[in-house]
**Student:** 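Please see the structure below; I have some questions.
These figures come from a predicted structure and were not determined experimentally.
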Amino acid sequence: MNIIYESTRNSNDRVTASQAILRGLAPDGGLYVPEKIPSFDKTLDEFAKMDYRECAYEVMKLFLTDFTEEELKHCINSAYDEKFDTPEIAPLVKADDSYFLELYHGRTLAFKDMALSILPHLLTTSAKKNNITDEICILTATSGDTGKAALAGFADVPGTRIIVFYPKHGVSKVQERQMVTQKGDNTCVIGIEGNFDDAQSGVKKMFGDKELNAKLKENGIVFSSANSINIGRLVPQIVYYVFSYSRLVAKNAIKAGDKINVVVPTGNFGNILAAYYAKRAGLPIDKLICASNDNKVLFDFFKSGVYDRNRDFILTTSPSMDILISSNLERLIYELTGRNAEKNAALMESLKQTGKYEISDEMKKDLEDFRGGFATVEEVSAQIKKLYENDKYVLDTHTAVASKVCDEYKKETGDNKPVVIASTASPYKFMGSVLTAIDKKYEGMDDFALADELEKLSGMKIPQAIIDLKTAEVRHKIVCDKTEMQKTVLSVLGI
């Protein structure tokens, strides 16, 4: 079955998978979605016998139907190689009576590696398939992890440039240092005086600016995105859930066909949307539990049916989730409207104009698969301490949000189905918050001293990425106001 992609704001805008990957965002500001969710053509028992790469191929071939087997396998094998420090790529570890899918064993220590290491290969393959000769400029906003993973993936990739915007005062020290020391002649990192939502809104505005895009075209440049708004980011994330389920079957923790619950620490909604797509494709997931931090805009949405970003933006210890505009939620809203592009576009316009929208009672009924929960900064610290003391298992701050929400869900519902928690970052990315949660004596210690302490506590070797940061040269020093993003991009591109 050939899958075509359509814009959530104009169902007549129909493109192939490779064209959707190249564009990133639709010209009308919508997001590309598959016209239908395909069903898996392998059994759950067959998936249980596959490694990560084999599983990735069987899932991604269903969604990226204009890629040949040779093209897709080349992209997968190029991405999922020796850069991961565990043979399984994404190990499934049991702790606290849940299964933690460790998605952080790539070179930048966060789950973004899993999807972003394959995106440059999908993008350059898509460019060849569509005879694109213009230079592709990847324009991306990050709340901390996407930026480094994208920079690492696209560094020195021929025919591409990458510009990453991040909130100057809204990421961890390690996250910032990872970005500003990035090598590659085609890379550029820019801090903005503003928050992640400001960065993301500025990037979306540039994608939709016809005059700007025409000027770029005159100079042989086209924009594309590495954010999870790009379907080339979203499709590889579906693999996480199929693979984790397959490991449970392989470990005899469940039988093929048994239902599980999934808990995802959520900011931009891409990772949990991928789990929803996996469920729609045939994976036996019961509840999709969306875990938020103090910026609980999604928790409030699932409770009330009102999405309202008109609230204080709170800086927390889980900065990659400090988001008030969850872009990928639009893809779910499109499904809830019955794939009515006009209705969806009206809701998104309401969000743009008033900062909020409300879905109908009928649409709310279709949210029964989802459950929202949130954890405060204090609860996150307590959860990290609890798991360390009980299981000697060390969580990062984002995974701790999900773990706490999981505990609350079980307590409230008595639902004891096996649970997979998406573990989205290494504790080494947030050493200060993690270690001071375990013991206050670590407060005020230098990051590299903290790394030594974390190694002793966790038994997890200090990742090479952290060791390399110690001597890495700061190469990117541009900072701009949120109102000057376009001007800064043109300057960087020499236009």
Side-chain angles (χ1 to χ4, degrees), residues 92-103 111 240-241 244 248 253-254 259-269 271-273 275-276 279 285-308 311 314 316-324 326 329 332 364 367-425 427 430 433-434 437-438:
L92 192 67
V93 178
K94 190 172 187 184
D96 194 40
D97 205 30
S98 295
Y99 292 91
F100 290 84
L101 181 65
E102 294 182 348
L103 295 164
F111 82 102
Y240 306 164
Y241 303 99
S244 59
L248 289 174
I254 60 171
K259 288 198 168 183
I260 65 167
N261 293 326
V262 167
V263 188
V264 185
T266 310
N268 216 20
F269 205 74
N271 203 350
I272 196 164
L273 182 73
Y276 169 75
K279 176 173 180 167
I285 296 173
D286 186 18
K287 289 297 177 193
L288 297 152
I289 302 164
C290 177
S292 300
N293 64 15
D294 287 291
N295 293 288
K296 56 189 181 69
V297 64
L298 287 165
F299 169 77
D300 292 340
F301 168 71
F302 285 118
K303 200 173 173 185
S304 67
V306 177
Y307 191 93
D308 187 354
R311 60 185 72 200
I314 303 167
T316 73
T317 54
S318 46
S320 297
M321 297 163 66
D322 291 347
I323 293 173
L324 294 180
S326 302
L329 185 63
L332 177 63
K364 282 181 209 170
L367 281 176
E368 287 174 0
D369 288 347
F370 289 88
R371 175 81 176 231
F374 78 97
T376 64
V377 167
E378 293 74 24
E379 288 171 331
V380 166
S381 291
Q383 192 73 4
I384 291 169
K385 188 178 178 70
K386 175 193 150 187
L387 261 80
Y388 176 71
E389 290 180 343
N390 293 352
D391 289 316
K392 293 294 180 277
Y393 189 66
V394 182
L395 303 175
D396 90 288
T397 46
H398 302 73
T399 308
V401 171
S403 179
K404 174 63 179 173
V405 167
C406 181
D407 282 358
E408 290 299 312
Y409 171 78
K410 287 178 180 177
K411 196 190 299 180
E412 286 171 20
T413 64
D415 183 350
N416 288 314
K417 291 184 192 73
V419 176
V420 169
I421 294 175
S423 184
T424 54
F430 306 95
S433 297
V434 169
I438 293 169

**Student:** Between the side chains of Lys410 and Ser98, is a donor N or O closer than 3.5 angstrom to an acceptor N or O?
**Tutor:**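 There is such a pair (donor and acceptor under 3.5 Å, judged by atom type) between the side chains of Lys410 and Ser98.
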**Student:** Side chain of Asn295, backbone of Ile314: donor and acceptor closer than 3.5 Å?
**Tutor:**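 Checking the backbone N and O of Ile314 against the side chain of Asn295, a donor-acceptor pair under 3.5 Å is found.
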**Student:** Just how far is it from atom CZ of Phe370 to atom CZ of Phe301, taken to the nearest 0.5 Å?
**Tutor:**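 Taking CZ in Phe370 and CZ in Phe301, the distance rounds to 9.0 Å.
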**Student:** Taking all atoms of both residues into account, what is the closest heavy-atom pair of Gly267 and Leu298, and its distance?
**Tutor:**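 Looks like O-CD1, 4.0 Å.
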**Student:** What's the spacing between Arg311 CZ and Asp300 CG if we round to 0.5 Å?
**Tutor:**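 So the gap between those two atoms works out to 4.5 Å.
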**Student:** Can you check side chain to side chain contact (heavy atoms under 4.5 Å, CB included) on Gln383 and Asp96, steps first, answer last?
**Tutor:** CA-CA 11 Å; Gln383 192 73 4; Asp96 194 40; 4.1 Å; yes
**Student:** Show your reasoning for whether side chain to side chain contact (heavy atoms under 4.5 Å, CB included) applies to Asn261 and Tyr409.
**Tutor:** CA-CA 11 Å; Asn261 293 326; Tyr409 171 78; 3.8 Å; yes
**Student:** Could you measure the distance from the CG atom of Asp391 to the CZ atom of Phe100? Nearest 0.5 Å is fine.
**Tutor:**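 If I round to the nearest 0.5 Å, the distance is 8.5 Å.
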**Student:** How many angstroms lie between CG in Leu332 and OG in Ser326, if you round to the nearest 0.5 Å?
**Tutor:**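 That separation rounds to 11.5 Å.
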**Student:** Mind listing the closest non-hydrogen atom pair of Met321 and Thr266 along with its distance?
**Tutor:**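 Distance-wise, the nearest heavy atoms are CE-N, 3.5 Å.
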**Student:** Mind listing the closest non-hydrogen atom pair of Ser318 and Thr397 along with its distance?
**Tutor:**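 Smallest heavy-atom distance, with atoms named: CA-OG1, 3.9 Å.
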**Student:** Residues two or more places apart in sequence or in another chain: which of them pass ring pair (Phe, Tyr, Trp, His ring centres under 6.0 Å) with Tyr240?
**Tutor:**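 Applying ring pair (Phe, Tyr, Trp, His ring centres under 6.0 Å) to Tyr240 gives none.
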**Student:** Starting at NE2 of His398, measure out to CG of Asn271 and round the result to the nearest 0.5 Å.
**Tutor:**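 Separation between the atoms: 12.0 Å.
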**Student:** Would you indicate whether the side-chain heavy atoms of Val264 and Tyr241 approach each other to under 4.5 Å?
**Tutor:**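 Contact flag for Tyr241/Val264 side chains = yes.
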**Student:** Within the supplied structure, the quantity of interest is the number of heavy atoms (other residues, nucleotides, ligands) at a distance under 6.0 Å from Lys303 NZ; does it exceed 12?
**Tutor:**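 No, because the 6.0 Å sphere around NZ of Lys303 holds 12 heavy atoms or fewer from other groups.
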**Student:** Exactly one of Val420, Val262, Val419 should register a side chain to side chain contact (heavy atoms under 4.5 Å, CB included) with Cys406. Which one does?
**Tutor:**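 By the side chain to side chain contact (heavy atoms under 4.5 Å, CB included) criterion, Cys406 pairs with just one of Val420, Val262, Val419: Val419.
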**Student:** Is it true that the side chains of Tyr276 and Asp369 contain a donor and an acceptor less than 3.5 Å apart?
**Tutor:**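 Absent: no donor and acceptor within the cut-off.
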**Student:** Can you confirm whether Thr317 sits close enough to Ser381 that some side-chain heavy atom of one is under 4.5 Å from a side-chain heavy atom of the other?
**Tutor:**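 In short, these two side chains do not touch, never coming nearer than 4.5 Å.
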**Student:** Test side chain to side chain contact (heavy atoms under 4.5 Å, CB included) on Ser244 and Tyr99 and set out the steps.
**Tutor:** CA-CA 9 Å; Ser244 59; Tyr99 292 91; over 6 Å; no
**Student:** Sequence neighbours left out, what pairs pass salt bridge (charged side-chain N to carboxylate O under 4.0 Å, His left out) with at least one residue falling in residues 286-295?
**Tutor:**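 Checked against salt bridge (charged side-chain N to carboxylate O under 4.0 Å, His left out) - neighbours excluded - the pairs reaching residues 286-295 are Asp286-Lys417.
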**Student:** Please test Leu367 against Phe302 for side chain to side chain contact (heavy atoms under 4.5 Å, CB included), starting from the C-alpha separation and ending with a verdict.
**Tutor:** CA-CA 8 Å; Leu367 281 176; Phe302 285 118; 3.8 Å; yes
**Student:** For a quick test of reading the model, state the closest non-hydrogen atom pair linking Asn293 to Phe374 and the distance between them.
**Tutor:**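 For Asn293 and Phe374, the tightest heavy-atom pair comes out as O-CB, 3.8 Å.
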**Student:** Nearest heavy-atom pair of Ala400 and Ile384: which atoms, and what distance?
**Tutor:**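 Of all heavy-atom pairs spanning Ala400 and Ile384, the closest is CB-CG1, 3.6 Å.
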**Student:** Between Tyr388 and Ile438, which heavy-atom pair has the shortest distance, and what is it?
**Tutor:**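 The answer is CD2-CG2, 3.7 Å.
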**Student:** Kindly compute the distance separating CG (Asp407) from CD1 (Ile421), expressed to the nearest 0.5 Å.
**Tutor:**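 Reported to 0.5 Å precision, the distance equals 7.5 Å.
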